[in-house]
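Every chain is numbered from 1 and lettered A, B, ... according to where its sequence line falls, protein lines coming before strand lines.
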There are 2 protein chains.
Amino acid sequence: MKLVWQRGAATVRDVYEVLLERRKIAYTTVMTMMKILETKGYLKKRRQDRAFLYRPAHPKNQIIRGMIREFIDRVFNGSAEPLLVHLVKSHHLRERDLQKIVRMVEESE
Amino acid sequence: MKLVWQRGAATVRDVYEVLLERRKIAYTTVMTMMKILETKGYLKKRRQDRAFLYRPAHPKNQIIRGMIREFIDRVFNGSAEPLLVHLVKSHHLRERDLQKIVRMVEESE
DNA sequence: TATTTAGTACTAATTAATTCGTATGTCAAG
DNA sequence: CTTGACATACGAATTAATTAGTACTAAATA
C-alpha cells in the first residue's frame, strides 16, 4: 500500500484507480486503509477541494530504514552483519561491486 | 517461533517451556503453531517416545535466504542494491568493513 | 489394576486485519 | 431548486491468524 505513496501525494481516488487495475477492490476499502495509515502516523491529510490529499508524513528513507531495522531485529536479533553476509553470498558480490556502492554513498554525503 | 528452532530439534514441550518464560501461553497453542509450521513445510516431525520431535525441514540458511528475498521483493521491488546502500549508510560502513565480509565469505567457499 | 501424567487430535473462541455497505453532505450542472 | 457525481464518516461483515479448551489415548506408577 505504502508503495503507491512514492508518487508524492495522492487522493483516495488516485490510489483506488491504481489498485483497481490489479484487483477488484472497493473505493471505501482504500479509504479505510488510508485512514488507518494516517492514524498510525504514516500519512497526513489535507483538504484539497472536496477530497483529502494524503502525503507521506515522513521521508521515505526514514520509513525504509525503520523497516530494515525491524527486519534485522526480527531475523538476526539486531545485528546487521549476517544480513550482509547473506547478501554477498547470494548475489555473488565481489569487492568491486561493494566499492561501487560505498563510493555512491560517499559521494552523496 | 522459528527462532526457537535454531536449537536443532525440539518437542512441543521444549518450546512451550521456553516461551512460557516470556509470556503466558497455553501448551496447546504451541502445539497448534508447530503443527501449522509443519503443514506449511517448515518443520517435519518424527515420533520420539510418546511425543513428536520436530526438526527443521530445510537448512536454516535456505529459509533465511527466502526471507531476505521476500523482503527485498516487497520493499525494493526485487533489487538488492538499494538495501545495500541503506545498510552502508545507516551503519556507517567503510570499505574495510565490507572487505572483511567479502573475505569471510570467500574463505567459506 | 486403577490412577495420574503427558501427549495428540480436533474443534472452538478470541482477536486482529481486511474489505465493504450505507447514510450523509457538498458542490456543480442542468 | 433538483439531481447526479463524488466525497467522507461510521459501522458492520468477512476473513485470517492466534490462542485455547475438551475429549481421548497410551504409558508410567502407586
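For the helix from C/dT1-D/dA30 to C/dG30-D/dC1, the axis fitted to the five pairs at one end and the axis fitted to the five pairs at the other end meet at an angle of 20° (nearest 10 degrees).
In this structure, A/Gln48 places its CD atom 15 Å from P of C/dC27, rounding to the nearest Å. When rounded to the nearest whole Å, the span between CE of B/Met33 and P of C/dC10 equals 19 Å. Between the C1' atom of C/dT18 and the NZ atom of A/Lys35 lies a distance of 14 Å, rounded to the nearest Å. Between the CD1 atom of B/Ile36 and the C1' atom of C/dA9 there is a distance of 14 Å, rounded to whole Å.
Distance CG/A/Leu87 to CZ/B/Arg65: 10.5 Å, rounded to 0.5 Å.
With hydrogens and angles ignored, no donor-acceptor pair under 3.5 angstrom links the side chain of A/Arg50 to the base of C/dC27.
Candidate nucleotides C/dA9, D/dA7, C/dT19 were compared by shortest atom distance to the side chain of B/Met31, and C/dA9 ranks first. Closest approach to the A/Arg47 side chain among C/dT19, D/dT8, D/dT19 is made by D/dT8 (side chain taken as heavy atoms from C-beta onward).
An OP1 or OP2 oxygen of D/dG21 is reached within less than 4.0 angstrom by no side-chain nitrogen or oxygen of B/Thr28. For the pair A/Thr32 and C/dT19, the criterion of a side-chain N or O lying under 4.0 Å from OP1 or OP2 is not met.
Side-chain contact between B/Leu98 and B/Val88 is present, with at least one heavy-atom pair separated by less than 4.5 Å. For the pair B/Arg13/B/Val30, no side-chain contact is recorded, criterion being any heavy-atom separation below 4.5 Å from C-beta on.
Judged by distance alone, the side chain of A/Arg47 and the main-chain N or O of A/Arg50 form a donor-acceptor pair under 3.5 Å.
The environment of CZ in B/Arg69 is sparse: at most 12 heavy-atom neighbours from other residues, nucleotides or ligands sit within 6.0 Å.
No continuous path of hydrophobic side-chain contacts links A/Leu53 to A/Met31 [ILVMFWY only; heavy atoms under 4.5 Å].
Listed by residue number, the members of residues 10-27 of chain A with any heavy atom below 4.0 angstrom from DNA chain C are A/Arg23, A/Lys24, A/Ile25, A/Ala26.
Residue pairs satisfying the ring pair (Phe, Tyr, Trp, His ring centres under 6.0 Å) criterion with at least one member in residues 11-63 of chain B, sequence neighbours excluded, are listed as follows: B/Tyr16-B/Tyr27.
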